[in-house]
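To find a chain, count down the sequence lines: A is the first, B the second, and so on, and within it residues start at 1. Computed from heavy atoms alone, side chains included, the values below leave out hydrogens, waters and symmetry copies.
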2 protein chains.
Amino acid sequence: MGLRERHKEDRRLRILQAASALFRAQGYDAVRIEDIAAQADVSAGTCYNYFTTKGDILLSIVTLEVEEVIDAGRAVVARPPEDVASALDGLIHIYYDHSLMYLSKAMWRIAISLTISAPETPFSQRYSGLDAKLAAQVGDLLVALQHRGRVRADFDPGLIGRVIFNQLNQAFIDFCKDEAMSLETLRAESGQMTAQLARLLSPRVAAE
Amino acid sequence: MGLRERHKEDRRLRILQAASALFRAQGYDAVRIEDIAAQADVSAGTCYNYFTTKGDILLSIVTLEVEEVIDAGRAVVARPPEDVASALDGLIHIYYDHSLMYLSKAMWRIAISLTISAPETPFSQRYSGLDAKLAAQVGDLLVALQHRGRVRADFDPGLIGRVIFNQLNQAFIDFCKDEAMSLETLRAESGQMTAQLARLLSPRVAAE
DNA sequence: CAAAAGGATTGAGTTCATTCATTTTTGAAG
DNA sequence: CTTCAAAAATGAATGAACTCAATCCTTTTG
């Protein structure tokens, strides 16, 4: 790798680290591109050689985080708890905890809103792809549970995986929208939902 | 009502109408506050006496639309079709069609993203409240179907109503994110989902 | 009816993201 | 070691949202 390439890598990383630290410390809106540039020892213009918009910098940080969440989820899917509700709750627990490790509610809000308002942006698309992967992971968990006979076999696990993921996602968005809401409350609400869905999915029904 | 009050009403309305027309014609981003002000025969500053941000003007337009959607939905809930899948599809059909009558995909994208990125804004909160009403309406439909014995009685209709609404909502967001996607495709995808859920909710299960 | 008080309007001014013409740096070729 | 073309970096210029001190209208009061 030549000098030029190394410089490029280096600068990209410096910009990302500077932005990440500043966003976390001061909030997305309060940070100016010039601040990021100064902290990264480049000029404002250079930031635009690496990222198309300020939002893209944030999304780039967030996608790194989501990738880690997916990795963390794999462990649960490979070795899921026995019953449906616990399995779902375990996965969800990991998703939520990991998501808040490095990113504030405000950063998530902005990131999510960007993927909706500017879906054509490269990082937006990447983020959407990761969301799809997360949904697929939930589907994988359901398949594992189906194999064990813990859930009904007469439905499409991919589809229901997406249904469940959408619930988690919406609950998480509501959580991010309300600064006063605690992680415990989020977990409790998701738990209610999964318990309900686990019941609908269980093979033996005490119908009516 | 004094002259001052009348002026206020009048101006507010003029700003809203000007913005609505311009947003539709040129798209949200392409319209400047000054353009709206000019079209409404006021100054740019005045727009900020009536709305806190440019986004708030859009949200104000969108909430009017959502209120109409809720009204339209009431008719279906009052007199739902016999089977679960048709009832859900009917309601959804109305939601989607009405939503696209006056607002473009792009306008929805921006509006939805604003309610996430700036949830404290007055119109944001109003919008969120309307979303909750829509979810409750789906719940009402489920209650009606439960009374007829068309769906299992052993679940919380409010909770499942929210689950279903979240699905619709997410499908609609995905639709707005993809300019190439047709309304037919949206309907088809939602239909798949409701069919699947209708099955899970039906009282007699061909278990496993 | 005159004048003071308070509310609304105004548009020039500020701030920041983004652009772009210019300058600097890099790596290859001679 | 020079020279040169391409790639990158730079920062001054642009444009649009939003702010605010000054001004203009209503309304009220004496």
Check the distance between [N]'s [atom2] and [X]'s [atom1] and give it to me in whole angstrom.
| X | N | atom1 | atom2 | answer |
| --- | --- | --- | --- | --- |
| B/Leu114 | D/dA17 | CG | P | 13 Å |
| B/Glu5 | C/dG6 | CD | P | 17 Å |
| B/Tyr50 | D/dC18 | OH | C1' | 18 Å |
| B/Leu22 | D/dA16 | CG | P | 14 Å |
| B/Ile36 | D/dA16 | CD1 | P | 13 Å |
| A/Ile15 | D/dT10 | CD1 | C1' | 13 Å |
| A/Asp35 | D/dG11 | CG | C1' | 16 Å |
| A/Leu58 | C/dA17 | CG | P | 13 Å |

Starting at the 5' end of DNA chain D, which residue's closest nucleotide do you reach first, A/Ala44 or B/Arg32?
A/Ala44

Assuming nearest nucleotide by heavy-atom distance, tell me which of B/Gly45 and A/Arg11 is located more 5' along DNA chain D.
A/Arg11

Output for pair (A/Ser20 OG, A/Leu58 CG), nearest 0.5 Å, gives 9.0 Å

Roughly how far, to the nearest 0.5 Å, is CD1 of A/Ile116 from CD1 of B/Ile173?
4.5 Å

Minimum heavy-atom separation for A/Pro157 to A/Leu142, with atom names?
O-CD1, 3.8 Å

Please classify the nucleic acid contact of B/Phe51 as base, sugar-phosphate, or nothing, using heavy-atom distances under 4.0 Å.
nothing

If you only use heavy atoms from C-beta on, which nucleotide in [options] is closest to the side chain of [X]?
| X | options | result |
| --- | --- | --- |
| B/Ser43 | D/dA17, C/dT10, D/dA9 | C/dT10 |
| B/Lys54 | D/dA8, D/dA16, D/dC18 | D/dC18 |
| A/Lys8 | D/dT10, C/dT18, D/dA8 | D/dA8 |

Is there side-chain contact between B/Tyr50 and B/Ile57, with at least one heavy-atom pair below 4.5 Å?
no

Strictly below 4.0 Å: does [X] bring a side-chain N or O up to OP1 or OP2 of [N]?
| X | N | result |
| --- | --- | --- |
| B/Tyr48 | D/dC20 | no |
| A/His7 | C/dT26 | yes |
| A/Asn49 | D/dA8 | no |

Flag, side chain of B/Ser113 to backbone of B/Ile110, donor-acceptor distance under 3.5 Å
yes

